[in-house]
2 protein chains.
Amino acid sequence: MQPSLVSIVAKRLRDEIEQRRFPLGTAFPTDAELAKGFGVSRTVVREAVSSLREAGLISTQRGRGSIVIAYTASPGFRISAEELESGKRLLHLYEFRSLIETEAAGLAAQRRTEADVQRIYDALQDGRSIGSFDKAIAADIDFHVAIAEAARNEYFQRIMATIRTATTARALMRFETDRESYVELYRTVLQKEHLDIADAIRDGHPSKARQLLKKHLGGRRYKALLKSALEQMDE
Amino acid sequence: MQPSLVSIVAKRLRDEIEQRRFPLGTAFPTDAELAKGFGVSRTVVREAVSSLREAGLISTQRGRGSIVIAYTASPGFRISAEELESGKRLLHLYEFRSLIETEAAGLAAQRRTEADVQRIYDALQDGRSIGSFDKAIAADIDFHVAIAEAARNEYFQRIMATIRTATTARALMRFETDRESYVELYRTVLQKEHLDIADAIRDGHPSKARQLLKKHLGGRRYKALLKSALEQMDE
DNA sequence: GTATGTCTAGTTATCATACAACATTGCGTG
DNA sequence: CACGCAATGTTGTATGATAACTAGACATAC
């Protein structure tokens, strides 16, 4: 079974765009030109162009034509749990995460509503009855989600969700044999730190919230990760 | 200017797929059914389906039909140029971007090598001979890429690339009728700011690099965006 | 009863033509 | 010189037709 003309044309165009045959922002060939150049019908061209548009490579306006707006499809920002097996990468991610979550806490302290505050304390309340590993993980997630929402900037929310997904997956993989210690850590250390952060957000103290969140991520857990990463030295 | 029927149909279908109206692996409606259901021609349906295919949501075979192969486009953090048509979102992204790039400049000032510095100045050198819009865009990209590399944390690099791809695409769409003013802005303002930032990084002054980068993103361009976003007030 | 071949109906893929809606450019007029 | 209008160009959509493939039903042969 042969590849369709649409997929052939789309791939050819994608390659040409990637090779910068059409400088960013300049006119992309018209439907008619492409149909003539590839020796296909306008239908095939339009379907191929539709997929290029979806890939974010071109932008089209009726009556004006298309322009190239990117040379390659947006890779996006993803973090796989596998890549975090590298100690160096984990350190880099924590450095990055620390910056994001610290600022999010500051914004949350500035922008929180009463409902936001309630939600943050609800997550803490849930955390008090932690009896199992998955409950501890879920409570930790809820707490950080609540802060992200209170920050009122969807890009913080989205990047924090992406980081959290990856770090949660890694924690699930890593603590398979030692969940009790995480639960204990959660009970004895993390909850207290969460409470302090929640108070600072409730009271509207951005600087203090930032400081406490940074300390939270730079505290005991970070030190343990650093130690673990140095032991690995696998990159 | 109204959205095209193709984009309306594609969005509707994307939503339905995300809401699992069609279980994974089962038959997706035929061209004819969709055309009848949406009250549009088969041409529109085929173009919409072409974009769903590109997004990785469906797979199609001649003679058999389509099946749903994923409920959502792959996860992770992405920014489409379209979403940045919303002034509120753009402000949020600039707030987010400012934090990231400011910190990256600081890290670059701490961690840069001589090769990094050379690369940053090379980007500036390229910027001196700017004669066209696409060259200005490319030089701006090169400058920020060089800083991201000097920061030596791949998560900063990756998120900055993601942001840059989206903001570049948006700039290309937005400046279609006023490219000269961007080139002029680049020549008269942005290059100077780039040079100051490069000097601070070369000299190893993280605080100063942060301050200058923040000012760079908070300066004239940001003010123009803020004004433009308020004018829109579309969300 | 089972295997193979043929036919029919259905589905996607492509082509061609036509018209609508928008954008740009050029020309004529005041 | 500025403005308005017509002509031209481009995308968006609809319609009809044919080609290429798939699946299932039915008939035939072993």
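When reading the values below, keep in mind they use all heavy atoms of this one structure, side chains included, and skip hydrogens, waters and symmetry mates. Source: prediction; values computed, not measured. Naming convention: chains lettered A, B, ... in sequence-line order (proteins, then strands); numbering from 1 in each chain.
Counting heavy atoms from C-beta on, the side chains of A/F28 and A/T60 never come closer than 4.5 Å.
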Show the distances under 3.5 angstrom between N or O atoms of the protein and N or O atoms of nucleotides 13-17 of chain C.
residue	atom	partner	partner atom	Å
C/dA13	OP2	B/R46	NH1	3.3
C/dA13	OP2	B/R46	NH2	2.6
C/dA13	O4'	B/R62	NE	3.1
C/dA13	O4'	B/R62	NH2	3.1
C/dA13	N7	B/R42	NH2	2.9
C/dT14	OP1	A/L5	N	2.3
C/dC15	OP2	A/S41	N	2.6
C/dC15	OP2	A/S41	OG	2.8

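In summary, the side chains of A/D122 and A/Q118 do present a donor paired with an acceptor at a separation below 3.5 Å, with no hydrogens or angles considered. No hydrogens or angles considered: nothing links the side chains of B/D196 and B/H216 as a donor-acceptor pair under 3.5 Å.
B/A151 and B/R111 get closest at one heavy-atom pair: O-NH1, 3.0 Å. Scanning all heavy atoms of the two residues, the minimum distance from B/I69 to B/S59 falls at CG2-CB, 3.8 Å.
Atom CG of B/L34 and atom P of C/dT11 are 11 Å apart (whole Å). Distance B/I67 CD1 to C/dT11 P: 16 Å, rounded to the nearest Å.
You'll find the ring centres of B/Y121 and B/F143 outside the 6.0 Å limit. For A/H92 and B/Y155, the ring centers sit 6.0 Å or farther from each other.
Rounded to 10°, the angle separating the first-five-pair axis and the last-five-pair axis of the helix from C/dG1-D/dC30 to C/dG30-D/dC1 equals 10°.
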- [ ] Please report the C-alpha distance between B/H205 and B/D199 in whole Å, then the side-chain angles of each, then the deciding distance to 0.1 Å, and finally whether the side-chain hydrogen bond (donor to acceptor under 3.5 Å, both in side chains) criterion is met.
- [x] CA-CA 9 Å; B/H205 295 155; B/D199 288 345; over 6 Å; no

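A close approach under 4.0 Å does not occur between any side-chain nitrogen or oxygen of B/R64 and OP1 or OP2 of D/dC21.
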